[in-house]
2 protein chains.
Amino acid sequence: MTLHQLRCFLAAYEEGSLTAAADRLGYAQPSVSEQIRNLEKSLGAPLFRRVGRGVVATTVADDLRPHAERVLAAVEDAQSSVASQVRLETGTIRFGMFGIARLYAGADLVADVLRRHPGVRVELIGTNSTEVTDELRRGRLEAAMIAVPQLESEGLTITPVARDELVYISNDPERLRQPVTARRLSEATLVMPETTFRAVDSVRIILRQMLHETGRNPQTRIEVEDVESAVELVGMGLADAVITKGAAVQLLPRLAPDAGWVSLRPAQHDTLAIVHRRDAILSPAAQLMIELATARIQAIAEPIRAPRPR
Amino acid sequence: MTLHQLRCFLAAYEEGSLTAAADRLGYAQPSVSEQIRNLEKSLGAPLFRRVGRGVVATTVADDLRPHAERVLAAVEDAQSSVASQVRLETGTIRFGMFGIARLYAGADLVADVLRRHPGVRVELIGTNSTEVTDELRRGRLEAAMIAVPQLESEGLTITPVARDELVYISNDPERLRQPVTARRLSEATLVMPETTFRAVDSVRIILRQMLHETGRNPQTRIEVEDVESAVELVGMGLADAVITKGAAVQLLPRLAPDAGWVSLRPAQHDTLAIVHRRDAILSPAAQLMIELATARIQAIAEPIRAPRPR
DNA sequence: CGTCATCACAGGCTGAGCCTATAGGAACTG
DNA sequence: CAGTTCCTATAGGCTCAGCCTGTGATGACG
């Protein structure tokens, strides 16, 4: 049984004539005749009696008709459902966004998407950058925006879109007088977020590279998971921290009103990039998310103009 | 979009691998690959991301899946529905049966069918023999059992299965002393049924032929539609009638207890026959009805053994 | 870094599906 | 009742979808 046979069957049933059915469907009469014959053969029962002028449905055909209509309706449903997803009217848009990027643009990005495509579901995936790159590599995620320490990763294409300065935050104005050097940093009492992923956290990687020149390893007094907790602890004067400037601007007034920030010396930057599988053909949904996320991020952090893609 | 593509899609979706899907479906891997590719092309959206080892469903695929399952389930439904009709478990059996034949065997025949095939619907079609032959010719009826005056009819195959004597019934014992001749018949006061179809009613055609030899036309005093009314009128002594012996045996005790019957001279017989379109391949349902109806009729009327079909 | 698993691609074969042309039967018509 | 019309079935031929096998590319894994 094929969809084509069912379509021919319904046309013949409604027209009461194979010739008329063929006309309606845009085929030659023998073609429809053959389809009906094959359908009858596969069902093992005649569907029409051939009576000189036209055909007459058997009771089997009477019974088959609603089933055939249901099948074809289900096919229509399937097609229109997919079509509406292709037009981004319905369906799910899944996008990876981790840590600082989500902090900057997460909620606003979702709002942007929903405003432009009211029918869609949005999933913003990612608890940390390794998870995100993993999901990308496994194919569960199509694209993501994350903070990346390096611009090379096996099998992935990384397109930097913005960078954000790393700043030293403290509750003690004394320590904010002038930019913090590697030496001073290595002597500071620090609280750092992302403890579980400390090995791959981009801010820590950058700090490790910076301190490497002084021959020291970065030491942290306190380890927490989320940036918010770290900022709160800074506000309580228990430690200082290094976070991105965007996060500082956003979180300090609320969580540590007495604290301030100062640049590092030399200035360090965290890079926010779009990441996807190498040579992937991106879906309209992914392209939309990339476009909107880039716009949002570049409104907050310092844009990096994309080099012309090769 | 084809059913085949949907089957391949579902297998690939569930297996997470085109190779495994191909194994499950019994195809080579490139065949399934091609089906998926064609489906993606016709939908205008990728369904899977190819990620080295296996494939991963996109959100479009997630959404397509329930639709695909619904389509295939509807197809299964259609097939099993038709199958159950072919096995005479469900569906409608339509059979033509007119006048005297229905009077003899109608209810019992339906009971027979329902006993053997509890799930089916039964339609016993036919108010008169012309209607029945018309429906046969137009193809709306597949087969019928009717009383036929002649054994030839354009485009139809007529197989006699039983004959029934025509008897003269009367409330007056005097008129039942000896067989009724054409002459006496032509002088009788008659009530006859089937008035609307008097021109094609088989009993009347037989009587016309019988009277033709005497040079007379049959005259009826009273015209009614149904045999029961005619018998009742005979019971009231208002007229005599000619009906089949089977009808007389069945109806006289109930509707005209004082009346009796006597043969015609020469004896006349009405023929009950199975009729269907010439060269028709009969469905199992029609064959069943023919078999059961024949058995019922032959239990009541005098069987005519079928000549060996050529 | 070699091996294995998986997918894509190429080439070739078969048959489904489409067409046109034609024959045959049923129904309508003058 | 013969001619016309309408419809279906059949035959023959063409094209392409769909299947296969074989092979190459690529990512995963030990």
Side-chain angles (χ1 to χ4, degrees), chain A residues 1-9 11-13 15-42 46-57 133-140 153-157 277-281, chain B residues 1-9 11-13 15-42 46-57 133-140 153-157 277-281:
Chain A
M1 181 183 291
T2 68
L3 295 176
H4 192 80
Q5 288 169 353
L6 292 181
R7 274 188 267 266
C8 289
F9 164 71
Y13 187 98
E15 298 283 348
S17 153
L18 301 191
T19 302
D23 283 350
R24 190 214 277 189
L25 297 172
Y27 294 119
Q29 167 264 319
S31 304
V32 173
S33 186
E34 186 178 359
Q35 294 301 318
I36 300 292
R37 204 175 328 125
N38 288 339
L39 180 57
E40 287 175 327
K41 191 172 148 201
S42 83
L47 294 169
F48 297 103
R49 279 188 286 279
R50 278 67 169 174
V51 291
R53 187 156 297 198
V55 293
V56 177
T133 51
D134 221 49
E135 297 267 286
L136 281 167
R137 250 187 266 275
R138 290 177 192 278
R140 284 210 356 111
S153 187
E154 185 65 27
L156 299 179
T157 296
R277 293 174 60 78
R278 175 147 36 216
D279 303 327
I281 296 167
Chain B
M1 181 182 293
T2 68
L3 295 177
H4 192 63
Q5 288 169 352
L6 292 181
R7 274 187 267 266
C8 289
F9 164 71
Y13 188 98
E15 298 284 348
S17 152
L18 301 191
T19 303
D23 283 350
R24 189 213 278 187
L25 297 172
Y27 294 118
Q29 166 263 319
S31 304
V32 173
S33 185
E34 187 177 0
Q35 294 301 317
I36 300 291
R37 205 173 327 124
N38 288 340
L39 180 57
E40 288 175 327
K41 191 173 149 198
S42 83
L47 293 168
F48 297 102
R49 280 188 285 280
R50 277 68 168 174
V51 290
R53 186 155 298 197
V55 293
V56 177
T133 50
D134 221 52
E135 297 267 284
L136 280 167
R137 249 187 267 276
R138 290 176 191 279
R140 283 209 358 108
S153 187
E154 184 65 28
L156 298 180
T157 296
R277 293 174 60 79
R278 177 150 31 219
D279 303 328
I281 296 167

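Values reported hereafter were calculated over all heavy atoms of this structure, with side chains retained and with hydrogens, waters and symmetry mates removed. Just so it is clear: chains get the letters A, B, ... in the order the sequence lines come, proteins before strands, and each one is counted from 1.
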Below 4.0 angstrom from OP1 or OP2 of [N], is there any side-chain N or O of [X]?
X        : N       : result
Asn38(B) : dG18(D) : yes
Arg50(B) : dA8(C)  : yes
Thr19(A) : dT8(D)  : yes
His4(A)  : dA16(C) : no

Hey, what's the ring geometry for Phe9(B) with Phe48(B), parallel, tilted or perpendicular (30° and 60° as the breaks)?
tilted
For atom [atom1] of [X] and atom [atom2] of [N], their distance in whole Å:
X        : N       : atom1 : atom2 : result
Glu34(A) : dA9(D)  : CD    : P     : 11 Å
Leu25(B) : dC19(D) : CG    : C1'   : 13 Å
Leu39(B) : dA17(D) : CG    : P     : 15 Å
Arg49(A) : dA9(D)  : CZ    : P     : 14 Å

Under 4.0 Å between any heavy atoms, over every strand shown, what does [X] touch: base, sugar-phosphate, or nothing? Just pick one.
X        : value
Gln29(A) : base
Ser33(A) : sugar-phosphate
Gly16(B) : nothing

Side chain of [X] only, please: which of [options] is the nearest?
X        : options                  : answer
Tyr27(A) : dT8(D), dT6(C), dC18(C)  : dC18(C)
Pro30(A) : dG17(C), dA21(C), dC7(C) : dA21(C)
Ala28(B) : dT6(C), dT21(D), dG17(C) : dT21(D)

All heavy atoms of Val32(A) vs all of Ala21(A), minimum pair found to be CG1-CB, 4.3 Å
Any donor and acceptor pair, going by atom type alone, linking the side chain of Glu34(A) with main-chain N or O of Ser31(A) inside 3.5 Å?
no
Map Gln35(B) and Ser17(A) onto DNA chain D by nearest heavy atom, then report which one ends up closer to the 5' terminus.
Ser17(A)
Between Arg50(A) and Glu40(A), does any NZ, NE, NH1 or NH2 come within less than 4.0 Å of an OD or OE carboxylate oxygen?
yes
